[in-house]
Amino acid sequence: MIRLLHISDLHAGKKLYDRISRNEDLNYALEQVVRICKEERVDLLLVAGDIFDKRNPDHGSQELIMDFLTRVNSIGLHTVLIAGNHDSYDFMRVYKHLRKLGNIHVFDRPLKNLRECIFELGELKVACLPYPDERAITHLSEDTQRSYAHKVGNYIRALAQEVHGASYKILMAHLMVEKAQITGSELQSSVSPFYAVKPESIPEEFTYVALGHVHKNQRIEGATPKVYYSGSLYQIDFSEKGMKKFVNLVILEDGLARVEPIELSLRRELFEVHIKPEDRLEEVLPKRNDVLLKIVLYMKMGDVLHHQKKEILQKELGDRLAKVEIELLEEKTLSVEERGDRPDLIDLYRDYYQKTYKTQPSKEIEELFTTLMDRAQHEAD
Ligand SMILES: [Mn+2]
């Protein structure tokens, strides 16, 4: 029996809105990973890419990852890591040297020599496919006519040949597979759904396929072997709000893989709160401290108090406030939608004027408004 733990998408150094570091959220998750490794007597930890969020990670993030790797190494298990699309091949190459110090095995880029892509542990072989960027995959393939997804499929089939003969054959890869449910945070990367590999093209001889890249924990339907994304270790951004986070414990026994996702607890949960003008702040704001909030503030047309409201929110929420978005509430919105076309700005202005001053604007004021709108339009073009 071999016990694996499959994790992915650490994104060390991630900052929300370039401001709020998520490293304490990551560290909180990694502490649980270390604990699970001990408690579940894990033999091999698989890290399926996006170790870092940026190609040149800051020193604090490098220290966090190094600290994690030394901790899992001291437990006595083996750790295999591959580069994801957020990682730099050259940066990850530095980490390959860790092999000389301990049981840390880094695969920094896809290689032509397939034998160098295999990690072996007893009756287990792991074929490693770090994120195949377009340049790398073009370089590896003789066939220049075929699509990216087709070339990656061919490469995976070649990798399957290399693990032949092992009792347990694992594929670890960082890529997009068709039919995967994405969260949105993956879209910022260079991999569009157009580049998705077909689940049918994953060879059936693999006992388990450990994927990274998609941030939602899921099994891929339509593939013969058990193909899983373990998902990110914390809610990376607001597209992942409300999403539970997992690591996959994989028990290899009697030639089969049994998969048990283990839920992680979150250091800070991400919430989006919508506040209408009639809402009382103390009633709609969460009382919990372990949250990060995105506030959507609905304002009535002509309400000039939004700066004040924003300040109150900042004071009230402090570090828990990640972002405030202002949405204009237009009372005519419904009738506009019913008419199916956009009203003239001058009509909206007349309504606004009527409501504010209880009279229609004079000809001069209407003309001034039109001139200003023309100028604004001109300067926007
Ligand atoms: Mn990722």
Side-chain angles (χ1 to χ4, degrees), residues 5-18 20-23 25-30 33 45-58 61-62 64-65 68 79-89 91-92 95 106-110 128-134 136 148 152 171-197 209-220 227-248 261 264 266-267 270 292:
L5 194 72
H6 164 203
I7 70 171
S8 81
D9 294 86
L10 284 59
H11 288 268
K14 167 73 188 179
K15 282 185 178 171
L16 263 183
Y17 305 111
D18 285 326
I20 303 164
S21 168
R22 305 304 308 282
N23 278 357
D25 302 83
L26 171 60
N27 202 41
Y28 189 75
L30 292 177
V33 169
L45 174 65
L46 299 175
V47 188
D50 282 358
I51 318 296
F52 294 102
D53 189 64
K54 297 192 173 58
R55 304 175 64 76
N56 275 313
D58 60 280
S61 305
Q62 293 182 49
L64 193 160
I65 293 301
F68 169 64
T79 303
V80 182
L81 302 95
I82 59 172
N85 58 302
H86 279 256
D87 299 305
S88 140
Y89 289 160
F91 189 86
M92 292 307 289
Y95 283 73
V106 173
F107 294 82
D108 61 335
R109 73 195 74 204
C128 295
L129 174 53
Y131 168 65
D133 77 16
E134 193 135 28
Y148 169 89
V152 173
L171 170 67
M172 172 155 70
H174 191 93
L175 44 80
M176 179 71 85
V177 172
E178 250 180 44
K179 296 182 186 167
Q181 296 173 32
I182 59 169
T183 68
S185 39
E186 305 89 355
L187 290 177
Q188 297 156 354
S189 72
S190 55
V191 177
S192 77
F194 176 76
Y195 287 105
V197 173
V209 179
L211 296 179
H213 186 54
V214 174
H215 289 180
K216 183 182 160 68
N217 181 286
Q218 60 193 294
R219 182 180 178 175
I220 298 296
V227 178
Y228 276 85
Y229 283 104
S230 59
S232 50
L233 293 179
Y234 55 95
Q235 296 166 349
I236 302 282
D237 63 27
F238 282 94
S239 70
E240 296 178 40
K241 62 179 190 288
M243 198 177 279
K244 290 183 171 180
K245 295 296 166 185
F246 301 88
V247 294
N248 279 4
L264 297 176
L266 301 172
R267 169 69 187 82
L270 269 48
L292 282 171

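When a ligand or atom number is given, it counts from 1 through the structure's own listing order. Values in this document were obtained by computation on a predicted structure and should not be read as measured data.
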Can you check whether [Y]'s main-chain N or O pairs, donor with acceptor, with [X]'s side chain at less than 3.5 Å?
| X | Y | result |
| --- | --- | --- |
| H6 | L46 | no |
| D50 | H86 | yes |
| Q181 | K216 | no |

Hey, which protein N/O/S atoms does the Mn ion (ligand 1) have under 2.8 Å?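 The answer, once waters are left aside, is D9 OD2, H11 NE2, D50 OD2, H215 NE2.
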
Could you check whether Y234 and Y28 have their ring centres less than 6.0 Å apart?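 Ring centroids of Y28 and Y234 are no less than 6.0 Å from each other.
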
Would you please classify the geometry between the Y131 ring and the H213 ring as parallel, tilted or perpendicular, with 30° and 60° separating the classes?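 Ring orientation of H213 relative to Y131: parallel.
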
Between R22 and D25, is there a side-chain N and carboxylate O pair less than 4.0 Å apart?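 Result for this pair is yes, salt bridge flagged.
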
